[in-house]
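Just so it is clear, the values below take in all heavy atoms, side chains as well, and ignore hydrogens, waters and symmetry mates.
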Amino acid sequence: MEEQIRANCFHLLHSSSTAASASARPQALTLSLSLILNPSTSDSTLSSLLQILTLSLHHPYLPSLSLLPTLSLLSTLASHHPHLSRPIFHSIRSLSLTSPRAIAASLSVLASLAESDQTLVPELSEFSENMFLTLCFKPSVSVRHWALMNAERLRIRPHLLVTVLLGFTRDPYPYLRAVALDGLVGLCKSIVVEDRELVETCCCRAVELFSDMEDCVRCAAVRVVAQWGQLLVALNHDSNRKNLSDALFLQLCSMVRDMSLKVRVEAFDALGEISMVSEEILLQTLSKKLLSVSVQGSKLTLQRHGLKEKTYSGLCYTKPFEIPASNSAGVFVHGLEDEFSEVRRSACHSLHTLSILSADFSGEALNLLVDVLNDDSMVVRLQALETLRCMALFDRLKVQEAHMHMFLSTLVDDGAVVRSAARKVLRIIKLEDVSIFKLCVDGLLENLEMYPQDEADVFSVLLSIGQHHGNFAADVIVGVSDEIEPCCDGKLVFDGGRVAALLVLAISAPLSHEKHTFSIPPRIFSYAVTLLGRISNALSDVMDQDTLLAYLSHCSSSTIISSGEFDYKRKELFLPVEDGSTNNPIYEKSCSADMQLQKLNGGASGSHCQKTGETRKVVKALINYQAEDHGEVIKSVEFILEKVKDIWQLIQVGYTDEVLQTLRSWKVELAKFPTSSSAGAFTFSLLQLRIAKLLAKLWPHFISPRKLSCGMGELGLLLGKLDRTIKEMKYRFMGLSKQEELHVLELILLNCVLRSSSIEAFSDGSTLKKLHSTLSLIESLYSELSMEPSKFVSELKKSLHEIGFSADGPFYGPLLFRKSIEIFSLKQFVFSVKLKHIKAELDVSGNDYDKPFPFIPGLPVGIRLGITLYNISRENRLWLRLAVDDDLSEFVYLDFDRFGGNSQIREFRFDAPFYKTPKANSFTVKVCLGLECLSENVHSFKSCGGPKQELVYLCKQKEVFLSTVVKE
């Protein structure tokens, strides 16, 4: 078969090399590709193919349109058969020297070959610089643009590249000036520069282009000034360093009033990167009137008179100029009042970072930020709340009563994500006045009244603020205790959310860090027992139900409750142990809930938990959270997930081994945390690390397609693993918010793009169809959340618009997704609610290799299974898969509603029928439980009676051993 294909291929290639038979060339290229991808193709065939492709490449009658496919084939041949890289490199290099029309395309392939074979780098560097300079002087704008965009790949020496880039900043074409400036930004980040004169030159040239007529050039100039300016500041080690940093800040301030929206956004983004600014300049950005700052003792005073005469030396000594301090006047006032939401969001983000530098600046900025909380754009409101949260984390948020009305309005915002963000601020805020604390409590109660679906998070926030302000919480409870008490006819009415919320606040007071004896009546805690399930469900991230019951039991039976009983320093809360107590420090959970309630009501005579020993016997550990504070776990998990986002740059530049080693260490770090009540977050985080690991292995295949160290079979295997992992992330968790759902959907989108960009998967029409449907779902979510699509989504939408549903063929189609892949960035996942992990457990009792179940060949057999389901809802469809091999498998639908239990946990026995017993003495059935992916558009299973869509498996596969019945 190989000989026949080879003969046909060589015949077509030979004939297509002539001008008479151009129509035969596409078929010849397709056959060539099949030979290259086939792992069983012999070396002699590959060598002959290389020889014919090389001759075809140099043929004088080869059409220009056929040159790129031929180069693509040679590149693919080198990537799959590295031992041919060197002759292919030299062949294409000779083509570049003899054929001017092929220089750009040839250099691109040569750069890719050098990336996969480092021994070719010196030859590329020696050869590419001359070719690069040749391209830079070509009359074609597109060729010059390509050369500048690919300068880094071509291994151009930095000092030469800087000279070329600086020269192109004066090119008459604006897009060339812009790409030259962006090249300077990239160069600044990739090399170490110690030449002060060179840095000044780059800064000065970029400052000159602040007045360029084109928006794209001014945007790029702002980025250059921000990056090279900070480098210039870092090169100064004398007292002038601070003044130079102030000058840089003021220089960027001059662009925040630019007529272009994009330039203003770039300017504010750049301001947020400055790490050292004088306090007087920062304060001036918050007022349109010029201020001067005078310090009297430890008090800072603002006076309204002329600063307009004050100037700072510019960034360039060779062309000295003065920068007026008035540049900073009202910068953030203008930014937060800008007509475009993108600018307002960027201004808020800059305040996010700058507020850390000065407490006085942070206090003044708060006056502006509270007004932004009423912004029309949800994105801006969210950024303002994130800025407030950052200020609170660094103890820069000093909230006054005048600020509270606008801030508390976000608790009743129409957007659930805004309300959630506002509650996150309340969790960490420090309040110095009981009146402000009462306003916060009233705001949370109003949130609960208007949006009952927020109950769990509202209760959790009430517990948090009560812990941080125990005395205030106790004062509030004493003031509203009449609302909690039974009504006049003696009935206890606790159905209302307000009363339940107040009970949660009462629960929080004794857990406070503050040393105080609280005056909350013990009966208040006994009332909370009647809402045990409701409250424990909301506080499950802090304590489990058994712990909450034990805690309420103790508090309701104590005459005096003091925060001194509880030690928060060890993440375990212990009651004091009386002298002569046993050595067992942990409360024994064998004491049932009925016994706990009996103690709550006074206890029965003879009970082992009597009043005299209650402190010792009832609760030795108030929060037996298995050494786990869920809040700390989530904080640590989110810290690791933030690091995952930060290593994306290493993945992009190909540091695969280092990234994989780092991810392994983080996985070990995660494993140190117990997961009893944060299993969802823990498992989701492990999946996120797995996705990062798979992307690290996959990325070189797509960003540098020629840098392949494995065959297409392994590439397909990696893509399959990525697909299964993302499906697990999508279908095996309950409680995903819309933002979290967007995170998962963009990963699905990326997986579709990667599949469509691989040679073996590109022809799969279902992948392209799924890509379109997922993109539509993402767009609807962005519209619902009033958010702007990410750059990745926007670029992909543009690419799909160009190609439609049909691709341009195996040589051109996948390349159209290249820019989308390059622009993708792995975002940080932030938990907004408690995730519930959907999982299952299978148990096959009394069965192993030595004790098989009996069966009669050809007749059905029942397999007794013990099944436990966690967090399964009525909407889920579950299937048991029983398989002997790939050709002999059956699916059994599991109607779990018949077996009782609740949505959190169901446990039952089930006899699974297996009908196709083989005619053999013994066999093994592999059993697994899967969840049907109901929202998938692609039907993966078409067997009669089985699932119509793909399954995500919820447990490890179990082996069941069966043997024929022996007649005695």
Please check if the distance between the ring centroids of His837 and Phe733 is under 6.0 Å. yes
Short side-chain to backbone donor-acceptor contact, Gln467 and Ser464, under 3.5 Å:
no
CZ (Phe910) and CG (Leu929) are apart, to the nearest 0.5 Å, by 10.0 Å
Q) Between Phe923 and Phe855, is the ring centre distance below 6.0 Å? A) yes
Looking only at atom types and distance, does a side-chain atom of Thr774 sit under 3.5 Å from a main-chain N or O of Leu771, one as donor and one as acceptor?
no
**Q.** Residue pair Arg423 / Asn447, side-chain donor-acceptor N/O under 3.5 Å
**A.** yes
| Leu951 side chain reached by Leu931 side chain, heavy atoms, under 4.5 Å | no
Return yes if some donor-acceptor pair links the side-chain N/O of Gln957 with the main-chain N/O of Lys926 below 3.5 Å, else return no.
-> no
In terms of heavy-atom contacts, Leu747 and Phe824 come closest through CD2-CZ, 4.2 Å
With a 4.5 Å heavy-atom cut-off, do Leu869 and Ile905 have their side chains touching?
no
Item to complete: Assess whether side chain to side chain contact (heavy atoms under 4.5 Å, CB included) is satisfied between Leu382 and Val380, documenting all intermediate values.
Response: CA-CA 5 Å; Leu382 284 172; Val380 177; over 6 Å; no
Verdict with supporting geometry, Arg389 and Glu386, salt bridge (Lys or Arg N to Asp or Glu O under 4.0 Å): CA-CA 5 Å; Arg389 192 176 79 89; Glu386 178 60 25; 3.3 Å; yes
Is Ser783 reaching over with its side chain to a backbone N or O of Glu779, donor-acceptor style, under 3.5 angstrom?
no
Nearest heavy-atom contact between Leu505 and Ser508 is O-OG, 2.5 Å
(Q) Please determine whether side chain to side chain contact (heavy atoms under 4.5 Å, CB included) holds for the pair Val379 and Glu788, giving the CA-CA distance in whole Å, both sets of side-chain angles, and the decisive distance to 0.1 Å. (A) CA-CA 8 Å; Val379 176; Glu788 292 295 328; 5.6 Å; no
Heavy-atom donor-acceptor pair, Asn537 side chain to Ala456 backbone, under 3.5 Å: no
Here the gap from Phe914 atom CZ to Leu888 atom CG, rounded to the nearest 0.5 Å, amounts to 4.5 Å
Practice task
Test side chain to side chain contact (heavy atoms under 4.5 Å, CB included) on Phe684 and Leu736 and set out the steps.
Solution key: CA-CA 11 Å; Phe684 197 97; Leu736 285 173; 4.0 Å; yes
Between Thr683 and Arg732, does any side-chain donor sit less than 3.5 Å from a side-chain acceptor? no
Between Phe525 and Tyr551, what is the ring plane arrangement, given parallel below 30°, perpendicular above 60°, and tilted in between?
perpendicular
Query raised in the report: Would you say Leu686 and Lys667 make side-chain contact, with heavy atoms under 4.5 Å?
Result: yes
Taking every heavy atom of Gly930 against every heavy atom of Tyr953, the minimum-distance pair comes out as CA-CD2, 3.8 Å
Starting from the C-alpha separation in whole Å, work towards a yes-or-no answer on side chain to side chain contact (heavy atoms under 4.5 Å, CB included) for Ser889 and Arg881. CA-CA 7 Å; Ser889 62; Arg881 182 178 185 270; 4.2 Å; yes
Exercise for the section: Check whether any side-chain heavy atom of Leu882 sits under 4.5 Å from a side-chain heavy atom of Leu880, and report yes or no. Expected result: yes
Between Arg419 and Asp413, is there a salt bridge with N-O shorter than 4.0 Å?
no
**Message:** Using only atom types and a distance under 3.5 Å, with no angle test, would you say the side chain of Asp454 pairs donor to acceptor with the backbone of Asp457?
**Reply:** no
What one should report as the nearest heavy-atom pair of Ser845 and Arg909 is OG-NH2, 3.6 Å
* **Any donor-acceptor N/O pair, Ser553 side chain to Leu549 backbone, under 3.5 Å** => yes
Are more than 12 heavy atoms, taken from residues, nucleotides or ligands other than Glu449, located less than 6.0 Å from that residue's CD atom? no
Report, one line per pair, each donor and acceptor closer than 3.5 Å where one atom sits in a side chain of residues 717-726; sequence neighbours left out.
from, atom 1, to, atom 2, distance (Å)
Asp723, OD1, Lys727, NZ, 3.0
Asp723, OD1, Asn751, ND2, 3.1
Asp723, OD2, Lys727, NZ, 2.9
Thr725, OG1, Lys721, O, 2.8

Notebook entry, point to check: Is the backbone of Ala883 close enough, under 3.5 Å, to the side chain of Glu890 for a donor and an acceptor to pair up by distance?
Noted result: no
Distance col, row Met734:CE vs Ser873:OG, nearest 0.5 angstrom, shows 5.0 Å
To the nearest 0.5 Å, atom CG of Leu411 lies from atom CG of Asp442 at 11.0 Å
**Asked** Is a side-chain N or O of His743 found less than 3.5 angstrom from the main chain of Gln739, in a donor-acceptor match?
**Response** no
Between Leu531 and Ala500, the two heavy atoms sitting closest are CD1-CB, 3.7 Å
Output for pair (Tyr893 OH, Asp895 CG), nearest 0.5 Å, gives 5.0 Å
State, yes or no, whether a side-chain contact exists between Leu445 and Leu502 at a heavy-atom distance under 4.5 Å. yes
Open item on the list: So that I can tick it off, tell me whether Glu728 and Arg690 are bridged by a salt bridge, with the cut-off set at under 4.0 angstrom between side-chain N and carboxylate O.
Closed with: yes
Between Gly497 and Leu448, the two heavy atoms sitting closest are O-CD2, 3.2 Å
d(Leu742 CG, Ile778 CD1) to nearest 0.5 Å is 6.5 Å
**Message:** Does this structure show an ion pair linking Glu455 with Arg534, if we count only N-O contacts that are shorter than 4.0 Å?
**Reply:** yes
Quiz item: Would you say Thr924's side chain and Glu959's backbone share a donor-acceptor pair under 3.5 angstrom?
Solution: no
